[in-house]
K.L.:
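The structure that follows is given in the form of structure tokens.
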Amino acid sequence: MVEVLGLRGIRKSYPSGDGETEILHGIDLSLQAGEFAALIGPSGSGKSTLLNLIGLLDRPSAGELAISGHATHALPENALTRLRGQHIGFVFQHHLLIPAFSALENVMMPLLVERGRPDANMHARAAELLTAVGLQERLHYPASKLSGGQQQRVAIARALAMRPALVLADEPTGNLDTHTADSIFALLRKINQEDGTSFLIVTHDPRLAERCDRIIELVDGQIVADRENP
Ligand code: ADP
Ligand code: MG
């Protein structure tokens with residue numbers, strides 16, 4: 001088995017008053033290639049904090065975090081950025097698209113950042129991804145003219161642009177009506193099954209969590225349950 005994510009004894013504290021408040025109290029977690037896992041737990045339990053650490057957007061206060069076998073503890077900022085770009089895709093509740101840019105331009109952004117200037121392959125890859133998420137008719141629409149569900153599809157295509165081993169999704173359907181949420185969830189599942197991309201999805205919707213292969217539950221900064229969901 002290939003481990004895409006390994007956490008050992010991860011702790012995270014934030015400064016508070018004249019001391020520190022610990023939010024995550026020693027998280028151990030391993031995710032294998034191809035897993036489709038839900039991360040659930042009450043509001044304030046530390047789900048987003050954990051996702052930001054896994055996504056290398058923030059550093060743990062203690063513990064070791066490995067991405068696709070790369071230990072991250074000692075890496076300088078630029079190496080973390082490279083590792084993030086090559087291995088991790090993000091989907092947030094708020095899509096953070098550039099409104100005036102077309103769907104195609106938004107999906108090309110990570111490729112542009114990586115390679116410095118546009119090329120034909122980049123364009124083809126972005127068009128292929130938008131087709132995969134059902135937006136082949138909307139390539140040149142500005143993001144601002146798309147519906148909420150379509151915008152989230154663009155965000156998913158963008159997250160996949162660099163062929164990440166692991167996609168982190170923080171309440172990706174939190175902003176959408178039930179029907180649209182279902183179809184976005186089905187899309188994530190399809191990508192997982194077709195490409196073997198691993199997913200770790202934060203959701204507060206038990207119905208969606210039950211559609212994942214594994215359900216990890218965080219309460220007060222600790223994993224209190226981690227079960228296969230046959
Ligand atoms: P969840 O996503 O499960 O709702 P969060 O990870 O957002 O929970 O937050 C967990 C706890 O950490 C909350 O009590 C929150 O107030 C606190 N917290 C999150 N980010 C910060 C920060 N940057 N500084 C201080 N406290 C924070
Ligand atoms: Mg959160």
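From a predicted model like this one, the values you see are computed outputs, not experimental measurements. Only heavy atoms go into these numbers, but all of them, side chains included; no hydrogens, no water, no symmetry mates. One-based numbering, in listed order, for ligands and for the atoms of each.
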K.L.:
Closest non-hydrogen protein atom to atom 18 (N) of ligand 1, residue and atom name please, with distance?
P.N.:
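Answer for atom 18 (N) of ligand 1: Y14 CE1, 3.6 Å.
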K.L.:
Could you please give the number of protein N/O/S atoms within less than 2.8 Å of the Mg ion (ligand 2)?
P.N.:
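Of the protein's nitrogen, oxygen and sulfur atoms, 1 lie under 2.8 Å from the Mg ion (ligand 2).
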K.L.:
Is there a heavy atom of S16 sitting under 4.0 angstrom from any atom of ligand 1?
P.N.:
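No, S16 has no heavy atom closer than 4.0 Å to ligand 1.
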K.L.:
Does at least one non-hydrogen atom of G46 fall below 4.0 angstrom from an atom of ligand 1?
P.N.:
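So G46 counts as touching ligand 1.
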K.L.:
Can you check whether I23 has an N/O within less than 3.5 Å of an N/O in ligand 1?
P.N.:
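N/O-N/O distance under 3.5 Å: no.
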K.L.:
Is at least one protein non-hydrogen atom found at under 4.0 angstrom from atom 15 (C) of ligand 1?
P.N.:
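Within 4.0 Å: no protein heavy atom nearby.
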K.L.:
If we check side-chain contact (heavy atoms from CB on, under 4.5 Å) with L53, which of these qualifies: I27, I10, T72?
P.N.:
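Checked I27, I10, T72 against L53; only one passes side-chain contact (heavy atoms from CB on, under 4.5 Å): I10.
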K.L.:
Please list the nearest protein heavy atom to atom 7 (O) of ligand 1 with its residue and the distance rounded to 0.1 Å.
P.N.:
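Protein heavy atom at minimum distance: S48 CB, 3.7 Å.
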K.L.:
Under a 3.5 Å distance rule, please check whether Q152 uses its side chain to pair with a backbone N or O of F92 as donor and acceptor.
P.N.:
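Yes, the answer is positive, given that a donor and an acceptor are paired below the 3.5 Å cut-off.
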K.L.:
With side-chain contact (heavy atoms from CB on, under 4.5 Å) as the test, pick out the partner of L187 among I156, N192, D182.
P.N.:
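The side-chain contact (heavy atoms from CB on, under 4.5 Å) with L187 is passed solely by I156 among I156, N192, D182.
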K.L.:
Which heavy atom of L50 sits nearest a heavy atom of L7, and at what distance?
P.N.:
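Smallest interatomic distance, heavy atoms only, reads CD1-CD1, 3.8 Å.
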K.L.:
Which residue supplies the protein heavy atom nearest to atom 9 (O) of ligand 1, what is that atom called, and how far is it?
P.N.:
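Of every protein heavy atom, T49 OG1, 3.8 Å lies nearest to atom 9 (O) of ligand 1.
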K.L.:
Given 3.5 Å as the limit, does a donor-acceptor pair link the side chain of R153 with the main chain of V133, or not?
P.N.:
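Side chain of R153 to backbone of V133, a donor-acceptor pair under 3.5 Å: yes, one is there.
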K.L.:
Can you report which non-hydrogen protein atom sits closest to atom 10 (C) of ligand 1, along with the distance?
P.N.:
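Going by distance alone, atom 10 (C) of ligand 1 is nearest to G44 O, 3.3 Å.
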K.L.:
Has K47 got a side-chain atom pairing as donor or acceptor with P42's backbone, closer than 3.5 angstrom?
P.N.:
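Here the side-chain-to-backbone pair exists.
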K.L.:
So, for T180 and G149, which heavy atoms are closest and what is the spacing to 0.1 Å?
P.N.:
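Heavy-atom minimum between the residues: CG2-CA, 3.4 Å.
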K.L.:
Between E35 (side chain) and D213 (backbone), is there a donor-acceptor pair under 3.5 Å?
P.N.:
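No: the side chain of E35 does not pair with the backbone of D213.
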K.L.:
Which of the atoms in ligand 1, numbered in the order shown and given with their element, are less than 4.0 Å from a heavy-atom of P42?
P.N.:
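Reading through ligand 1 atom by atom, the close ones are 3 (O).
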K.L.:
Students often mix this up, so state it plainly: with edges at 30° and 60°, are the rings of F36 and F185 parallel, tilted or perpendicular?
P.N.:
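Because their plane-to-plane angle is over 60°, the rings of F36 and F185 count as perpendicular.
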K.L.:
Just how far is it from atom CZ of R115 to atom CE of M162, taken to the nearest 0.5 Å?
P.N.:
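Answer for the CZ-CE pair, R115 versus M162, is 6.5 Å.
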